[in-house]
Amino acid sequence: MSRYDPKEVEPRWRARWEQEGVFRTRAPREAGGKPKYYVLEMFPYPSGAIHMGHARNYVMGDVVARFKRAKGFNVLHPMGWDAFGMPAENAAIERGIHPKGWTYDNIAAMRSQLKLLGLSIDWDREFATCDPEYYGKQQRWFLDLMKRGLVYRKESVVNWDPVDNTVLANEQVVDGRGWRSGALVEKRKLTQWFLRITDYADQLIDGLKTLERWPEKVRLMQENWIGKSQGLRLRWPLVEPGPDGSDEIEVYTTRPDTLFGASFIGLAPDHPLSEALARENPDVAAFIEEARRGGATEAEIETGEKKGVFTGLYVRHPFDPQWKLPVWIANFILMGYGTGAIFACPAHDPRDLEFARKYDLPVLPVVQPPNIDDPINIEDEAYVGPGTLINSRFLNGLSVETGLAAAIRKAEELGVGAASTVYRLRDWGVSRQRYWGCPIPVIHCPRCGPVPVPDKDLPIVLPDDVSFDQPGNPLARHSTWKQASCPSCGGAAERETDTLDTFVDSSWYFARFTNPDASAPIDRDAADYWLAVDQYIGGVEHAVLHLLYARFITRALADDGMLDVREPFAGLFTQGMVTHETYRTPDGKWVEPTDVDLKVSGSTRAATRRSTGETLVIGDIEKMSKSKKNVVAPEEILGAYGVDAGRLFVLSDSPPERDVQWTAGGVEGAWRFVNRVWAEFDDLVLGDDAPTDSAAAQALRRSTHKAIKAVTEGFESFRFNSAIARLYEFVNTIKSIDRAAVGATARREALSALARLISPLVPHLAEECWTRLGDTGLIVDAPWPEFDPALAVDDELVLPVQINGKRRGEIRVKPGAAEDEVRQIALSDEAVSRHLDGATVRKVIVVKDRIVNIVAG
RNA sequence: GCCGCCGUAGCUCAGUGGUAGAGCGCAUCCUUGGUAAGGCUGAGGUCCGCAGUUCGAUCCUGCGCGGCGGCACCA
């Protein structure tokens with residue numbers, strides 16, 4: 001007997017796997033006809049340390065990879081680093097470390113941490129997005145997309161931090177101030193690079209239908225994000241021309257059926273006509289200025305009151321030139337959606353109603369709700385439901401839907417408008433005024449304009465000699481880097497100093513993994529073989545941006561002939577977070593779990609602080625975060641219980657898509673399981689054989705094959721926790737058998753199956769067990785145990801017998817017993833007849849192999 | 001406000017139109033030569049509530065209640 005010592009066992013097997021190169025990916029021709037399987041977890045940002053959330057993510061992927069491998073697939077399971085981005089520059093600013101050194105040091109640290117997890121990754125394919133080899137290839141296809149018109153420059157309004165001299169993303173603006181500098185953020189117009197993702201909007205929606213192995217929730221989120229709506233663009237002639245000379249206002253509406261309920265026209269404060277009016281009307285100028293300040297963030301617009309100002313202008317109704325309506329500027333109208341102008345129908349739109357009541361504008365109902373006899377009366381709630389159109393001239397009597405189509409047809413006949421589709425999705429702004437990113441490979445020539453860098457000059461590599469001692473983009477103030485000659489005319493010119501959004505980097509890495517050494521950005525043969533990714537695994541926080549951008553880039557590259565697939569991820573799984581209870585001192589300071597003693601008595605729990613003896617307040621269960629100090633570092637667990645126990649625990653207590661709560665007790669339970677399994681294999685003596693058709697042997701074989709079935713199904717369907725529950729049961733069965741009666745053959749079958757069933761979860765332990773069974777070779781190369789349905793069948797079943805739906809007894813029958821026979825046995829059962837007590841049996845329902853119900857009375 | 005998910009043992013969660021389950025925790029006992037432990041046995045349930053469908057509902061349907069997430073002046 002020896003205690004199981006993960007500190008000795010686990011490194012030994014990892015060394016063996018590495019030495020034999022078992023996780024090296026097999027090229028198609030080496031695969032020997034095996035079907036391919038590509039497992040990928042979202043690659044990490046190299047922050048410097050692996051946390052439990054990473055660990056759970058990568059362990060899930062590893063279970064899938066190892067399981068599929070055992071099932072006979074040729075598996076690709078690579079790893080890399082999403083290595084560009086702001087934290088590296090912040091480290092440079094705060095600590096004077098170069099982003100490059102900081103990033104590669106972090107990668108080295110995290111790589112060795114990941115390797116401790118025993119993952120079946122092909123490390124030969126590793127790359128970081130900040131490798132010039134990688135981003136140089138990215139520049140190549142970026143220029144290809146540019147040639148195809150999918151890349152363009154446009155002036156757009158951005159959040160500008162005047163202290164840091166940089167553009168901020170919306171989420172970096174907190175209460176109208178820059179998250180780092182605290183300076184009031186300005187709206188500034190900048191010329192930026194954009195990718196034409198809106199060209200693919202319809203495809204991206206339609207493609208969602210084909211993604212059957214994606215969570216419904218993610219598909220819905222993407223559909224909402226793209227936000228397709230069908231409506232009408234409609235031109236309203238101005239009675240007097242605007243100050244900019246415009247003679248009409250174009251609005252967008254999805255409710256042309258309510259056109260005869262129109263009350264006024266509304267313009268966004270930043271609509272060109274609004275701005276023109278502001279130049280000559282101080283009231284309008286003041287209002288626009290106020291709206292701009294009050295609406296620095298979209299969050300503020302939400303809570304803000306509806307406000308507006310009358311412009312003095314009037315328009316004519318497109319369906320009735322006699323009908324004049326006032327033009328207002330209103331703070332709730334967005335320039336970025338539709339045409340930046342609306343027609344308001346207060347009776348049937350809550351926003352318009354609030355505005356109309358405030359400024360005493362007409363409210364004319366035009367939809368009569370169904371099943372109501374009294375004429376509709378609008379008080380303080382707009383009616384947005386279905387109904388029949390009224391007060392609407394040629395639309396009267398039509399339903400909302402048919403009226404909608406009729407109004408569009410009429411507008412088109414009159415030549416005043418056209419059916420139009422509008423998306424919430426905007427083109428993807430990819431410019432970042434940052435150093436640590438992929439340089440945009442363009443040269444600005446004063447004579448020729450923006451000119452793509454010729455292929456032979458790629459990659460445009462980031463200069464190393466940059467300084468972070470002043471705010472702004474170090475590339476822009478570098479003494480020599482940006483000087484270039486124009487590829488077109490040869491004259492003096494300047495390089496683009498913006499770099500690409502890091503979401504571009506992560507939009508194609510899965511394709512590069514199929515051959516990371518290819519001279520082209522993507523090796524077409526390798527990509528055709530491996531893509532799409534069969535199983536992609538990552539956090540739901542990427543449900544929209546990353547996953548949508550990757551889908552778009554895949555399609556764009558496919559249209560460029562670089563790829564065959566149009567959807568990169570055939571299967572997607574979004575896993576939950578790792579959480580932990582929080583602890584605070586009475587005066588509210590967070591305390592780390594390692595400094596907490598928990599005492600349980602009955603149903604109450606008390607926490608004390610180990611270092612001081614203070615009584616602590618047990619707080620909520622929250623995502624592990626440094627700020628709440630409820631973090632458990634993977635190394636702590638690995639040191640105490642080994643990798644396998646940790647792997648087992650993060651998958652055992654909760655369905656993988658949900659959060660899992662990290663508890664000391666839970667890990668100890670997993671550790672105990674490891675030991676219970678090991679005890680069965682350690683000093684394994686199988687003893688004398690007994691006939692495999694003995695009752696005891698049959699019973700064990702039945703358990704074995706039921707376990708094979710249940711665990712296999714658990715892994716196939718991502719129910720790792722329930723697979724683990726079945727394994728716990730199976731181990732309990734194995735430990736409770738009478739070894740002499742069962743005999744060596746059946747027991748060996750059970751243990752051999754057990755070792756292989758646990759191998760995706762606890763691979764080190766499984767290898768060690770495999771050795772004790774005396775099997776040759778590694779368990780990672782062993783085939784998955786085969787399920788034999790004949791052996792899983794019970795030889796006798798216990799059927800409950802209900803009388804009027806209440807369980808009153810049970811009978812024993814052979815599986816598949818005939819209905820008549822079962823009825824006889826049930827009716828003659830002593831407990832049943834006692835409960836029937838002479839009542840008339842009206843009906844007997846026999847559900848084969850499940851239950852008998854007697855209706856009596 | 002709109003959309004989605006969830007509600008089962010003290011905790012974390014499986015599960016099924018037909019006998020309510022697992023792990024942890026808790027209690028009792030055994031072992032003290034697997035001991036930074038191991039084992040036996042056990043208690044514990046309004047399957048969130050109400051109504052409906054059904055021979056039978058934790059499961060299906062509807063209406064509530066509670067929690068979580070996403071989107072949100074998107075015309």
Side-chain angles (χ1 to χ4, degrees), chain A residues 1-4 215-218 220-221 223-225 227-229 231 251-255 258 266 295 298-299 301-304 306 330-334 336-345 348-352 354-355 384 422-425 540-541 543-544 579 581 600-605 621 640 649 652-655 657-670 672-673 675-676 678-679 682-683 714 719 721-729 732 735 798-807 809-810 842-847 849-857:
Chain A
M1 286 287 176
S2 58
R3 283 188 64 73
Y4 183 68
E216 180 64 24
K217 173 183 167 160
V218 174
L220 262 168
M221 283 166 70
E223 201 176 329
N224 290 341
W225 186 266
K228 181 175 183 170
S229 80
V251 307
Y252 174 73
T253 178
T254 56
R255 291 296 304 274
T258 63
E298 293 195 6
I301 300 170
E302 275 171 38
T303 49
K306 289 186 180 38
N331 64 347
F332 66 94
I333 298 163
L334 305 175
Y337 187 81
T339 60
I342 61 157
F343 90 83
C345 176
H348 305 291
D349 183 293
R351 299 154 302 182
D352 298 348
E354 188 186 332
F355 193 86
V384 295
V422 164
Y423 302 88
R424 201 189 78 106
L425 181 73
V540 73
E541 66 273 21
V544 177
T579 62
E581 206 166 48
V600 182
S601 60
S603 61
T604 60
R605 300 188 316 136
I621 295 158
F649 175 67
S652 67
D653 259 29
S654 191
E657 68 276 15
R658 287 223 226 147
D659 294 350
V660 66
Q661 187 195 349
W662 187 275
T663 61
V667 199
E668 279 161 26
R672 232 168 282 167
F673 177 77
N675 279 289
R676 281 160 57 76
W678 175 241
D682 189 23
D683 282 344
R719 293 196 308 259
N721 60 324
S722 84
I724 292 168
R726 295 289 89 72
L727 284 166
Y728 273 99
E729 286 173 31
N732 286 343
K735 292 185 92 72
V798 177
L799 298 193
V801 181
Q802 295 181 335
I803 296 170
N804 294 334
K806 292 212 161 44
R807 182 169 175 273
E810 57 186 39
R842 297 184 189 280
K843 196 174 173 187
V844 179
I845 297 140
V846 177
V847 183
D849 294 348
R850 297 303 293 262
I851 201 168
V852 181
N853 190 20
I854 300 168
V855 185

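Lettering of chains follows the sequences in order, A, B, ..., and the numbering in each one begins at 1.
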On the nucleotide B:rG38, are OP1 or OP2 found under 4.0 Å from the side-chain N or O atoms that A:R672 carries?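 A:R672 to B:rG38 OP1/OP2: side-chain N or O found under 4.0 Å.
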Start at the 5' end of RNA chain B and walk down; is the nucleotide closest to A:A341 or to A:W225 reached first?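 Closer to the 5' end of RNA chain B: A:W225.
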Assign each of A:L220 and A:R255 to its nearest nucleotide of RNA chain B by heavy atoms, then name whichever residue's nucleotide is nearer the 5' end.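 Nearest nucleotide further toward 5': that of A:L220.
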Given atom [atom1] of [X] and atom [atom2] of [N], what is their separation to the nearest angstrom?
| X | N | atom1 | atom2 | answer |
| --- | --- | --- | --- | --- |
| A:K217 | B:rC6 | NZ | P | 10 Å |
| A:F673 | B:rC24 | CZ | P | 11 Å |
| A:R726 | B:rG23 | CZ | P | 10 Å |
| A:K735 | B:rG34 | NZ | P | 13 Å |
| A:Y337 | B:rC71 | OH | C1' | 13 Å |
| A:K306 | B:rA75 | NZ | P | 14 Å |
| A:N675 | B:rA36 | CG | C1' | 12 Å |
| A:N331 | B:rC73 | CG | C1' | 9 Å |

Partner nucleotide of [N] by Watson-Crick or wobble geometry (both distances under 3.5 Å):
| N | result |
| --- | --- |
| B:rC63 | B:rG49 |
| B:rG44 | none |
| B:rG21 | B:rC13 |
| B:rU32 | none |
| B:rG1 | B:rC71 |

Regarding A:N721, tell me which of base, sugar-phosphate or nothing describes its non-hydrogen contacts under 4.0 Å with the strands shown.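 Since only primed, P, OP1 and OP2 atoms lie under 4.0 Å of A:N721, the category is sugar-phosphate.
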Mind checking A:I333 for me? I need base, sugar-phosphate or nothing, with any heavy atom below 4.0 Å counting as a touch.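 Since a base atom lies under 4.0 Å of A:I333, the category is base.
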Checking contacts here: which listed nucleotide ([options]) is nearest the side-chain heavy atoms of [X]?
| X | options | value |
| --- | --- | --- |
| A:Y728 | B:rA75, B:rG23, B:rG69 | B:rG23 |
| A:R424 | B:rC73, B:rA75, B:rC71 | B:rC71 |
| A:S229 | B:rC55, B:rA75, B:rG4 | B:rA75 |
| A:M221 | B:rG69, B:rA14, B:rG70 | B:rG70 |

With rounding to whole Å, what would you report as the distance between [N] and [M] at their [atom1] atoms?
| N | M | atom1 | answer |
| --- | --- | --- | --- |
| B:rU35 | B:rG23 | P | 24 Å |
| B:rA43 | B:rU53 | P | 38 Å |
| B:rG17 | B:rG7 | P | 16 Å |
| B:rA27 | B:rG66 | P | 36 Å |
| B:rG56 | B:rA37 | C1' | 49 Å |
| B:rC13 | B:rU58 | C1' | 15 Å |
| B:rU41 | B:rU28 | C1' | 8 Å |
| B:rC30 | B:rA20 | C1' | 31 Å |

Test your reading of the model: is there a side-chain donor-acceptor pair from A:Y252 to the backbone of A:G231, 3.5 Å cut-off?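 Checked: pair present.
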Closest heavy-atom pair and its distance - A:I342, A:I333: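 Taking A:I342 first and A:I333 second, the nearest heavy atoms are CG1-CD1, 3.6 Å.
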Is any side-chain heavy atom of A:F332 closer than 4.5 Å to a side-chain heavy atom of A:D352?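 Contact flag for A:F332/A:D352 side chains = yes.
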Kindly indicate whether a cation-pi arrangement holds for A:K306 with A:F355, taking the cut-offs as under 6.0 Å to the six-membered ring centre and within 45° of the axis.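 Judged by the rule, A:K306 and A:F355 form no cation-pi pair.
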For side-chain contact (heavy atoms from CB on, under 4.5 Å), just list the numbers for A:D349 and A:F343, CA-CA rounded to whole Å, side-chain angles, deciding distance to a tenth of an Å, and then say yes or no. CA-CA 11 Å; A:D349 183 293; A:F343 90 83; over 6 Å; no
Rounded at 0.5 Å granularity, tell me how far CZ in A:R424 sits from OH in A:Y337.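 Rounded to the nearest 0.5 Å, the CZ-OH separation comes out at 9.5 Å.
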Going from CZ on A:F673 to CG on A:L727, what distance comes out if it is rounded to the nearest 0.5 angstrom?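 So the CZ of A:F673 and the CG of A:L727 are separated by 5.5 Å.
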For B:rG21, measure the glycosidic angle (O4'-C1'-N9-C4 for a purine, O4'-C1'-N1-C2 for a pyrimidine) and name it syn if it falls within 90° of 0, otherwise anti.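 B:rG21: anti glycosidic orientation.
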